[in-house]
Structure formats: C-alpha cells, structure tokens
*Asks:* 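Sending over a structure as structure tokens; questions will come in a sec.
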Amino acid sequence: MPKTIIVPEGTQKPIAPYSPGTLADGVVYVSGTLPFDKNNDVVHVGDAAAQTRHVLETIKSVIETAGGTMEDVTMNHIFLTDWSNYQAINKVYAEYFPGDKPARYCVQCGLVKPDALVEIATVAHIGTK
C-alpha cells in the first residue's frame with residue numbers, strides 16, 4: 001500500500017527521524033506532537049492549556065493538509081508529565097472535539113523536553129476525499 005508523507009507548510013524540521021504525518025489507505029497517522037515553535041523550542045512554558053491548544057492546532061494542520069478535518073479523528077494518544085494538568089488539558093481538548101469524542105488514552109510520563117507538559121499523537125480516518 002503506498003503512503004504519502006504529510007508536512008504542512010511552515011513545519012519545522014523534526015528533532016528526530018520522523019514525519020509530521022503519514023497518509024495510507026485513507027488513514028492519517030499524526031506523529032507525537034509537542035508544543036514546539038519553528039526552532040523546536042517549547043512554547044507557553046508552564047501553561048498546560050496553552051500548550052495543549054498549540055499541539056492540537058499543529059495536529060489540525062497535519063490533518064487538514066492531508067484533506068481531512070478534526071471530525072475525522074478516531075484516536076488520540078495523550079501523554080502528560082503531571083496529572084495536575086489533566087483538567088486543563090481536558091478543557092482545551094473538549095473545544096476541539098465538541099461532538100462525538102474520539103477514542104483515546106492518557107499516560108503520565110517524561111517527555112523529550114522538560115518544559116513540554118503534553119504530547120498528543122493522533123489517528124484520523126479521512127477516507128478517499
């Protein structure tokens with residue numbers, strides 16, 4: 001099955017060997033997305049809600065570049081560094097998924113940069129639009 005690498009315009013160079021997204025057979029796989037600016041520095045240090053919004057906007061750009069919308073999201077993998085940020089993350093998350101919610105899981109862990117509070121990886125089924 002052929003795959004297409006998805007790189008939204010203006011995307012920074014990844015800090016590791018991966019692509020922002022991959023489209024295969026109508027499914028978009030969005031890599032783990034951190035709250036990075038164009039220089040791969042963490043934005044909104046100390047603000048889990050703002051970091052979550054930044055991450056979800058980045059994910060949205062990958063899905064839209066592939067031809068889909070956030071309504072096509074079927075699964076999210078959420079990683080947070082501290083459960084005390086869970087409520088703030090969920091509040092922003094609910095803004096991006098107001099109707100039927102995608103499946104998801106949430107795990108507390110360390111992230112690649114200490115100032116990052118949240119990372120999200122996503123799967124979206126966009127079909128053959």
Side-chain angles (χ1 to χ4, degrees):
M1 154 183 14
K3 67 180 176 186
T4 303
I5 301 303
I6 306 299
V7 181
E9 188 175 325
T11 299
Q12 73 275 15
K13 183 179 179 190
I15 63 171
Y18 66 89
S19 299
T22 304
L23 173 63
D25 200 25
V27 180
V28 180
Y29 301 91
V30 183
S31 292
T33 304
L34 291 149
F36 287 168
D37 65 13
K38 301 271 187 241
N39 299 315
N40 289 315
D41 293 320
V42 175
V43 297
H44 310 296
V45 173
D47 186 339
Q51 285 191 9
T52 302
R53 186 173 315 285
H54 185 90
V55 165
L56 289 169
E57 283 297 319
T58 302
I59 289 168
K60 182 179 175 184
S61 74
V62 174
I63 293 169
E64 288 178 350
T65 299
T69 71
M70 291 297 271
E71 291 179 5
D72 298 318
V73 172
T74 55
M75 180 69 178
N76 284 304
H77 315 270
I78 303 170
F79 306 91
L80 67 155
T81 59
D82 192 314
W83 287 115
S84 66
N85 293 319
Y86 188 68
Q87 183 175 357
I89 290 167
N90 279 333
K91 184 174 181 182
V92 173
Y93 182 91
E95 294 172 20
Y96 285 81
F97 303 103
D100 293 334
K101 310 294 186 241
R104 75 176 214 182
Y105 64 79
C106 191
V107 176
Q108 181 180 335
C109 62
L111 298 175
V112 69
K113 289 201 178 182
D115 286 332
L117 303 175
V118 62
E119 177 175 356
I120 302 174
T122 298
V123 177
H125 289 253
I126 67 170
T128 53
K129 297 179 181 179

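For clarity, every value in this text was computed on a predicted model and none was experimentally measured. Throughout, residue positions are numbered sequentially from 1 according to the sequence presented.
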*Asks:* For the residue pair F97 and Y93, categorise the inter-ring angle as parallel (less than 30°), tilted (30 to 60°) or perpendicular (more than 60°).
*Replies:* tilted
*Asks:* Kindly say whether G99 contributes a backbone atom to a donor-acceptor pair with the side chain of E71 at under 3.5 angstrom?
*Replies:* no
*Asks:* One pair to check against side-chain contact (heavy atoms from CB on, under 4.5 Å): V7 and T65. What are the steps and the verdict?
*Replies:* CA-CA 7 Å; V7 181; T65 299; over 6 Å; no
*Asks:* Can you see which heavy atom on F79 is nearest to which on C109, and at what distance?
*Replies:* CB-SG, 3.7 Å
*Asks:* Membership question, hydrophobic clusters at under 4.5 Å side-chain separation (ILVMFWY): are V123 and Y105 in the same one?
*Replies:* yes
*Asks:* Using 0.5 Å steps for rounding, measure from the NZ atom of K60 to the OG1 atom of T69.
*Replies:*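 Reported to 0.5 Å precision, the distance equals 9.5 Å.
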*Asks:* Decide if atom NZ of K91 counts as having more than 12 heavy atoms of other residues, nucleotides or ligands within a radius under 6.0 Å.
*Replies:* no
*Asks:* Cation-pi between K113 and F36: NZ/CZ under 6.0 Å from ring centre and within 45° of the ring axis?
*Replies:* yes
*Asks:* Applying the 4.5 Å side-chain criterion to the ILVMFWY set and letting contacts propagate, would L23 and V30 be lumped into a single cluster?
*Replies:*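 Hydrophobic grouping puts L23 with V30.
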*Asks:* In terms of hydrophobic clusters joined by side-chain contacts under 4.5 Å, are I6 and Y18 together?
*Replies:*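 No, because I6 and Y18 fall into different hydrophobic clusters, even though each may have its own neighbours under 4.5 Å.
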*Asks:* Do you know the tightest heavy-atom contact between G21 and V62?
*Replies:*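 Heavy atoms only, the tightest pair is CA-CG1, 3.9 Å.
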*Asks:* Decide whether I78 and M75 are clustered together by the hydrophobic rule: side chain heavy atoms of Ile, Leu, Val, Met, Phe, Trp, Tyr closer than 4.5 Å, transitively.
*Replies:* no
*Asks:* Decide whether V107 and I59 are clustered together by the hydrophobic rule: side chain heavy atoms of Ile, Leu, Val, Met, Phe, Trp, Tyr closer than 4.5 Å, transitively.
*Replies:*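 Different clusters.
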*Asks:* Determine whether Y29 and S19 satisfy the following criterion, side-chain contact (heavy atoms from CB on, under 4.5 Å), listing intermediate values before the conclusion.
*Replies:* CA-CA 10 Å; Y29 301 91; S19 299; over 6 Å; no
*Asks:* Out of curiosity, I63 CD1 to D72 CG, how far, rounded to the nearest 0.5 Å?
*Replies:*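 Interatomic distance, I63 CD1 to D72 CG, rounded to 0.5 Å: 7.5 Å.
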*Asks:* How close do T81 and Q108 get, counting heavy atoms only, and between which atoms?
*Replies:*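 Smallest interatomic distance, heavy atoms only, reads O-NE2, 3.5 Å.
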*Asks:* Out of curiosity, T22 OG1 to I5 CD1, how far, rounded to the nearest 0.5 Å?
*Replies:*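 Here the rounded value is 4.0 Å.
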*Asks:* Can you tell me how far OG1 of T11 sits from NZ of K38, rounded to the nearest 0.5 angstrom?
*Replies:* 6.5 Å
*Asks:* Quick check: closest heavy atoms across P20 and P8, and the distance to 0.1 Å?
*Replies:* CB-CD, 4.2 Å
*Asks:* Step by step, work out the side-chain contact (heavy atoms from CB on, under 4.5 Å) result for M70 and L56.
*Replies:* CA-CA 9 Å; M70 291 297 271; L56 289 169; 4.3 Å; yes
*Asks:* Nearest 0.5 Å, what's the NE2-OG1 distance between H77 and T33?
*Replies:* 11.0 Å
*Asks:* For H44 and Q51, which heavy atoms make the closest approach, and how far apart are they?
*Replies:* O-NE2, 3.2 Å
*Asks:* Can you check whether D41's main-chain N or O pairs, donor with acceptor, with N39's side chain at less than 3.5 Å?
*Replies:*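 Looks like no, no N/O pair under 3.5 Å.
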*Asks:* What residue among L117, L80, V55 forms side-chain contact (heavy atoms from CB on, under 4.5 Å) with I89?
*Replies:*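 That would be L80; it is the only one of L117, L80, V55 passing the side-chain contact (heavy atoms from CB on, under 4.5 Å) with I89.
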*Asks:* Starting at OH of Y96, measure out to CD of E57 and round the result to the nearest 0.5 Å.
*Replies:* 3.5 Å
*Asks:* Mind listing the closest non-hydrogen atom pair of P14 and N40 along with its distance?
*Replies:*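 Looking at all heavy atoms of both residues, the closest pair is C-ND2, 4.5 Å.
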*Asks:* Do N85 and V118 pass the side-chain contact (heavy atoms from CB on, under 4.5 Å) test, and can you show the C-alpha distance, the side-chain angles, and the key distance before you say yes or no?
*Replies:* CA-CA 9 Å; N85 293 319; V118 62; over 6 Å; no
